[in-house]
Undergrad: 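Structure provided below as structure tokens; questions to follow.
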Protein chains: 2
Amino acid sequence: MLFHDCVPHRPERLPHNHLAGKRIAENGYGYFDQQAREYVITRPDTPTPWINYLGAGRYGGIISNTGGGYSFDRDPRNRRVSRYRYNAIPADQPGRYVYLRDQDTGEFWSATWQPVRAETDSYECRHGAAYTRITTQRAGIQAETLYFVPPTPQDDPCPAELWVLRLRNTSDRVRTIRTFSYVEFGFFDAVTDQQNLDWAGHIVGSSYDERVRAIVVGVRFKPTVSFFGADREPIGYDGDREAFVGRCGDLADPVVVSRGESTNVGSPRGNSIGSLCHEVTLAPGEDVSITYVMGVTEQPAAIGEVTRRYRDPSAVDAAFTALKADWDAYLSVMTVETPDPDTNAMLNFWNPVQCRTTMYWSRFVSAYETGLGRGMGTRDSGQDTLGTMHAVPDHARRMLTKIWELQFADGHTWHQFYPLTGQGGPGHSVEFPEWPQWYSDDHLWLVIAVCAYLRETGDYDYLDQVVPYCDGGEDTVWGHMLRAVRFTVDHRGPHGLPRAGFSDWDDTHNVDHGSGLAESVWCGMQFCRATLDAAELADHLGRTRDADALRAGYREMADAVNTSAWDGAWYARSFDDDGKPIGVASESVHRINLNPQTWSVFADVAPRDRAESAMGSVKRHLSTPYGVALLWPPYDGGDPRVQGTATFPPGAKENGGIFCHANTWVIIAAVMLGWTDEAYAFYRQTLPLARTDADRFAVEPYVYCQNICGPTHPQFGMGRNAWLTGTAAWTYVAGTQWLLGIRPTYTGLRVAPGIPTGWDGYTATRVFRGTAYDITVRREGPGTSASLTVDGLPLDGDIVPLPAPGTARVSVDVIMR
Amino acid sequence: MLFHDCVPHRPERLPHNHLAGKRIAENGYGYFDQQAREYVITRPDTPTPWINYLGAGRYGGIISNTGGGYSFDRDPRNRRVSRYRYNAIPADQPGRYVYLRDQDTGEFWSATWQPVRAETDSYECRHGAAYTRITTQRAGIQAETLYFVPPTPQDDPCPAELWVLRLRNTSDRVRTIRTFSYVEFGFFDAVTDQQNLDWAGHIVGSSYDERVRAIVVGVRFKPTVSFFGADREPIGYDGDREAFVGRCGDLADPVVVSRGESTNVGSPRGNSIGSLCHEVTLAPGEDVSITYVMGVTEQPAAIGEVTRRYRDPSAVDAAFTALKADWDAYLSVMTVETPDPDTNAMLNFWNPVQCRTTMYWSRFVSAYETGLGRGMGTRDSGQDTLGTMHAVPDHARRMLTKIWELQFADGHTWHQFYPLTGQGGPGHSVEFPEWPQWYSDDHLWLVIAVCAYLRETGDYDYLDQVVPYCDGGEDTVWGHMLRAVRFTVDHRGPHGLPRAGFSDWDDTHNVDHGSGLAESVWCGMQFCRATLDAAELADHLGRTRDADALRAGYREMADAVNTSAWDGAWYARSFDDDGKPIGVASESVHRINLNPQTWSVFADVAPRDRAESAMGSVKRHLSTPYGVALLWPPYDGGDPRVQGTATFPPGAKENGGIFCHANTWVIIAAVMLGWTDEAYAFYRQTLPLARTDADRFAVEPYVYCQNICGPTHPQFGMGRNAWLTGTAAWTYVAGTQWLLGIRPTYTGLRVAPGIPTGWDGYTATRVFRGTAYDITVRREGPGTSASLTVDGLPLDGDIVPLPAPGTARVSVDVIMR
């Protein structure tokens, strides 16, 4: 095992406002265009498909840098529109494709490189906020395809996406080009689509409907219809995959495109596709656009209105403008300017984009999550609210209410729920019926999230909202919160620590095998954080008795942790069925685990000496140049005490891999200890834009991935499972609230920077409860002490009090010494 | 809707024994080689993959005519070895491949055409009984690959398959060829392999183990190891798919083969493959062989013994000889020689091969059944025993006992069970919890099958075997049978007919939506057949009281059917929740259904006039040149009364498609009515070898498919879901026991030919209870009356009495007039 001390990264000091238009974080495959706010991919053969998301939580899907991906309406499992073949060869197919065929030469290629994969004269993919624009040039034809989902009301009966193809003749002669679109429809139940080929293969059919100028796809016994149309009359169409591709053919060389003639037949059964053929003749320099529209509805009569709407180019432009405006508004709530361009790009753009994406899609659908396996996670969505609370608090409130409805009267919650029905489910635990069927952390995240919501909004009436329990009865939100706390109090083990349940935050840490005795040390710390947050809230609202009880619970738990779990240089992770500790120095594997060290600080459990020792142990044993590993040394083969963790090879995921989510708490804990240089170094270790070694990192460098192979793994440094991870929300919290130190409180906005000594300061604008705070931080010394001036007047402390109602702007100047 | 009268097919009269070595049933893609007993495919681009099966019910899998397919051990869902991408583009990949690379030119291709799909100078695939041999020739190199699973004991701890590649230099110069094998391993849980990419992708790894000369693939926490080895030391290997294929590559052009150099690395995670590279130098005319061995074990120490065993070519030859001998023995139990070569080929070879295949794999794994969705069917496996009873009665007894263990004490059974665990399951009904959770036919098939077993074997002790009920208690097999009968008696509706349950034989005929009143007319007939069979058995055993009770039950049910369900020209299909009939002339759709007509004859329910009218209606309304449709007219859109059926478009599957299984009963009923010309015509309509229109039929012409698109379907005549269908067993029964008329009875072998007037007779050998019957039928007139002579002595009646114990052969001569 290699050890890597945490060496703070010190960028050159740079003047502010030097970044506009600059390419940052170039890595040989792409860069971030700060002015356009787009990640620009400059070659198609990225190490993995680098994807983006379309849509706003209802109709949408994923799209890769070469057009691969698929669409669905809300639920990729039960309301699937198009297909994607995960983990197949050829990779990243099918997708949203347009073939271009030169009618003079018969040569053909793809507007987005895939699936023909012909060489291009130029290639560029720009991933923006919920849109992607791919531009290729070949044989004197420039093809630009813009993909997006127009913003429409949540209850739009016929949601749709647009592909706007613009072809330009960059050659010096007249050119005739035929275009053939390609999308492969799936049966709406995506599991049946994979597993019941006989039924699904017989019942789904497609035909061309001239009235709506679209291929329509559906079954006979349900009104659900998918459609694929264009803004202009096609000269031909194909609705049947096998007819289009040809026998034994593939998407690189479909017979229809090769021949240049559509078959003009739908599909009575088999596999349905949407292929429309158009022919355009372009003078030198001339361009033309074709707008395709794809969607799904249960009101087929609505299709015509939608396809007609987008025949008007100004409607298309207006839709794209509306999309941009929506995202601009979302992103404008907090903007920062620091000396680190990577940090700026992440905090101003990609990190909040990723936060909103996880808010929409939880862990449901990505290049790794197939959209088939699981619902929304209680734990996941609860934490995801933390990353969007500042910008879309209403969504957070709705989401939290939805999850409170999954709480049982005893205080624990369902582990997951399905987006179409809202129905709760027990998650992975059902496969192990002898083990506990509840998770020790789920309900506590909700307490933490409600407190964060109230600090952000001051919407204290929310606490009085009455929400039912899933098994009968109801209570106010505050009552739900107290029951969550109570569940943990009522389910403690021999050391007074929370029983482990099926697992805590670490799904693979399965230490209770029916004994009812195994305990989670980390969950005790989580309990401390939740009760402290709730006690602070109760204080603020004058609910003194509740506050006292919560603080007593905190103190009892913190004492139990410190009495039972301190191992000499760090905290143990858990206790097994036999009461033996896990994550202690006397073991040969899993001697130290990350989370109890970070949370001992974050949850105010550890005395200062223990906190420093624990975090020093993290640096010594777990930190690597690519992030902090979750445990050390990893298991090498099955282990009956922890079960799930030891299913992974050493260095992979929870078994000593770098679990990015857990790295966010390292940053917070380091700031809390005043280790700001280390905190920033930890922040940079997992900052994706800082990973310019794309061939090693493999995944998208513009968003956080869930895990990175750890130092004992042969592929150390390789990222996995990009996009949908709790890392998004928590690293946004770590970056904005702890590194920059801009933290909402019940009484005002705290500004307590935790920036490294290498930074000369930063500026930020933060909208908080309707007022914009213009914050300027200047470093005049190497320390962490800060003096605040608010609208020119010195402030005692670091909490900017709430201004008079209606105050538009507040200016905050901070001097650090 | 088109109507097609049933026109009897009259082949030319042909002398016997004219067929040896002849190619029959040529269709432009292949033919049957009667001498070799192999279906020979002469071009690779068949309309669908034409597959074969390897193995004998334990380790095995499917293989297409171009090497596509996959392997597993017993259960393709839970003990998967290799991967297959169903319904993907490119189709029919991956498989068991060997790339050949000419080291002088760098040119490469595939030994089995796929996946490179390069043009070949010649191509031939020979599907035999549980083996496949694919031969291609290109660039002066002939490559022949023989695939099979050596017969080993059922409890072999390390089952394996062999690929025997023979390369011959047919050019006039010395050639150096590099071979690169390719197989793609899957995680043993094939659903997780598709749906949990993150976990499966992290935990499965491969490495080359020099000690056993194989790539080994597994996880850290289970001993299960898959392996891929060769009989000679490779010069290189690849264990990682992405390294082998190359970024954005596909199997047609993998970078390792293109470059000609293995990477010699395993896969620490991701996708594991088995690729071994060898180099051979061949003088003109010289040949060489490489034997690959692939398998799976939970005792990794056993791998070395297996890979070493097959380094000896004589061990490989011996294994193949043993395989052939096993099949020869199986096939020799009954052989026939009729004037129809297609019929001969089917009854002597492909039909019994298919019967044994359905016995092994139920409806589990084919080119349509993904091996993911369902267990073994109670109904399916119960009927499948009928097709193998004559040859492997012990297997039938074991299977029936296993299914009796799934019976509840009230008499109904689980609908399905899983092959690895034997655990029962309710099937599709769980998705509709308000509807009945039992099927009205499942348990009755077992009664019918036990009677068939006893007619075949005389093993009456079986009736006294004590078998537990799945919900407690136990009884003899006879007791189980009586409880099955009792369940139906106890669950009758307003007309005295069996309640419909979730469905009867037609899974999609869902007429009880919680009323408890809907009834199945057909199931009433099935009950009659079962009770008549059981009564006859009770008679034979002198169990008079049981016989009387059974006959009384039969009479009561037959009366109920005739009283309530006769519609004037045919029988109704069922009664709905409101007691209204379905399948009657007064309706606008589904006016007539096939099954109640055939079974009114087969179950001895209809008086002669009604029987003729019912079967005449079948001819008039349902018969087509490609078989008899299941109902007419089809539904066009959802229907609340029948539910499942109406999910299909008109003419597809149960909604008016040609359901081949139901066609077998048409043949039997026609013979029973004495309509032997029609019976033979019906037999020919669905006889796959008779379908020489391969582009229309699409599926394998050597085995029965489950369904054929009906006359209202745009793809009328297209076959779907080949191989795993109850058609196999029942058409073997129809062909041998009814057309040829060779039927086991409790007292001897009945010979009552139902051959068409166009046949001059047939000869057959049938082993029955240890004695071989040499049967010669000669037609001397156009009628169906038959006079039998046994060993030269005239026989009264048509049942050849059981000879003295130890009698080796009996000669039966039949004259028809």
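Letters go in sequence order (proteins before strands), and every chain restarts at 1. Every heavy atom of this structure was used, including side-chain atoms; hydrogens, water molecules and symmetry mates were not.
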Undergrad: Answer yes if the side chains of B:Asn65 and B:Thr46 hold a donor-acceptor pair under 3.5 Å, and no otherwise.
TA: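 Side chains of B:Asn65 and B:Thr46: pair found under 3.5 Å.
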Undergrad: Against chain B, label A:Phe648 side chain, backbone, both or neither, depending on which of its atoms sit under 4.5 Å from a heavy atom there.
TA: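 The answer is both parts of A:Phe648.
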Undergrad: Could you walk me through whether A:Asp639 and A:Arg641 pass salt bridge (charged side-chain N to carboxylate O under 4.0 Å, His left out), step by step?
TA: CA-CA 6 Å; A:Asp639 181 278; A:Arg641 294 170 82 206; 5.5 Å; no
Undergrad: Counting neighbours of CD on B:Gln423 that are heavy atoms of other residues, nucleotides or ligands and sit closer than 6.0 Å, is the number greater than 12?
TA: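 12 or below, so no.
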Undergrad: Counting only heavy atoms closer than 4.5 Å, note whether A:Pro94 contacts chain B via side chain, backbone, both or neither.
TA: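 For A:Pro94, there is no contact with chain B at all, as no heavy atom is under 4.5 Å.
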Undergrad: At a heavy-atom separation under 4.5 Å, does A:Asn196 approach chain B through its side chain, its backbone, both, or neither?
TA: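 No part of it gets close to chain B.
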Undergrad: May I ask you to decide whether B:Glu369 forms a salt bridge with B:Arg363, counting only side-chain N to carboxylate O separations under 4.0 Å?
TA: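 Looking at B:Arg363 together with B:Glu369, the answer is no, because their closest N to O distance does not fall below 4.0 Å.
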Undergrad: Highest number of heavy-atom pairs under 4.5 Å with chain A: which of B:Ile89, B:Leu197, B:Thr66?
TA: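 The answer is B:Ile89.
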Undergrad: Taking every non-hydrogen pair under 4.5 Å, which of A:Gln195, A:Arg247, A:Met718, A:Arg220 racks up the most with chain B?
TA: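 Ranked by heavy-atom pairs under 4.5 Å with chain B, first place is A:Arg247.
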Undergrad: Which one wins on heavy-atom pair count under 4.5 Å against chain A: B:Pro115, B:Ala91, B:Pro650, B:Ala252?
TA: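 Option with the top pair count is B:Pro650.
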Undergrad: Could you tell me which portion of A:Val191 (side chain, backbone, both or neither) has an atom closer than 4.5 angstrom to a non-hydrogen atom of chain B?
TA: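 Side chain only.
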Undergrad: Count the heavy-atom pairs under 4.5 Å between each of A:Leu251, A:Val219, A:Asn271 and chain B, then report the option with the highest count.
TA: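 Most heavy-atom pairs under 4.5 Å with chain B: A:Asn271.
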Undergrad: At a heavy-atom separation under 4.5 Å, does B:Pro268 approach chain A through its side chain, its backbone, both, or neither?
TA: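 For B:Pro268, heavy atoms of backbone and side chain both lie under 4.5 Å from chain A.
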Undergrad: Can you check side chain to side chain contact (heavy atoms under 4.5 Å, CB included) on A:Val217 and A:Val204, steps first, answer last?
TA: CA-CA 7 Å; A:Val217 179; A:Val204 181; 3.6 Å; yes
Undergrad: Can you confirm if the aromatic rings of B:Tyr86 and B:Tyr84 lie within a centre distance of less than 6.0 Å?
TA: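 Ring-ring flag for B:Tyr84/B:Tyr86: true, centres closer than 6.0 Å.
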Undergrad: Quick check on the interface: out of B:Asp45, B:Thr370, B:Ile203, B:Asp198, who has the most heavy-atom pairs with chain A under 4.5 Å?
TA: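 Going by pairs under 4.5 Å, I would pick B:Asp198.
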Undergrad: From B:Asp380 CG over to B:Phe364 CZ, what is the distance, rounded to the nearest 0.5 angstrom?
TA: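 One finds 11.5 Å between CG of B:Asp380 and CZ of B:Phe364.
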Undergrad: Go through the structure and list residues passing ring pair (Phe, Tyr, Trp, His ring centres under 6.0 Å) with A:Phe188, not counting sequence neighbours.
TA: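 Checked A:Phe188 against ring pair (Phe, Tyr, Trp, His ring centres under 6.0 Å); zero matches.
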Undergrad: Checking B:Ala88 against chain A: side chain, backbone, both or neither under 4.5 Å from a heavy atom?
TA: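 For B:Ala88, backbone and side chain are both near chain A.
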Undergrad: Counting only non-hydrogen atoms closer than 4.5 Å, does A:Val245 touch chain B with its backbone (N, CA, C, O), its side chain (CB onward), both, or neither?
TA: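 The answer is the side chain of A:Val245.
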Undergrad: Counting only non-hydrogen atoms closer than 4.5 Å, does A:Pro649 touch chain B with its backbone (N, CA, C, O), its side chain (CB onward), both, or neither?
TA: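 When you check distances to chain B, atoms from both the backbone and side chain of A:Pro649 fall under 4.5 Å.
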Undergrad: If we ignore angles and hydrogens, is there a donor and acceptor under 3.5 Å between the side chains of B:Asp238 and B:Ser275?
TA: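 There is no such pair (donor and acceptor under 3.5 Å, judged by atom type) between the side chains of B:Asp238 and B:Ser275.
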Undergrad: Counting only non-hydrogen atoms closer than 4.5 Å, does B:Gln194 touch chain A with its backbone (N, CA, C, O), its side chain (CB onward), both, or neither?
TA: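 It is both, since atoms from each part get that close.
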Undergrad: Side chain, backbone, both or neither: which part of B:Pro47 has an atom under 4.5 Å from a heavy atom of chain A?
TA: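 Interface part for B:Pro47: both.
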Undergrad: Among B:Arg241, B:Arg83, B:Gln114, single out the residue with the greatest number of heavy-atom pairs under 4.5 Å to chain A.
TA: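 The option with the most such pairs is B:Arg241.
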Undergrad: Do B:Trp199 and A:Thr647 pair up side chain to side chain, a donor and an acceptor below 3.5 Å, judged on atom types alone?
TA: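 A pair is found: one side chain offers a donor N or O, the other an acceptor, under 3.5 Å apart.
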Undergrad: Is B:Arg117 salt-bridged to A:Asp250, going by a charged N under 4.0 Å from an acidic O?
TA: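 Yes, this pair counts.
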Undergrad: Where on B:Asn655 is there a heavy atom nearer than 4.5 Å to chain A: the side chain, the backbone, both, or neither?
TA: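 Looking at B:Asn655, nothing touches chain A.
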Undergrad: Do you know which of B:Lys653, B:Gln715, B:Arg720, B:Arg269 has the most heavy-atom pairs with chain A at a distance under 4.5 angstrom?
TA: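 Among the listed options, the one with the most contacts to chain A is B:Arg269.
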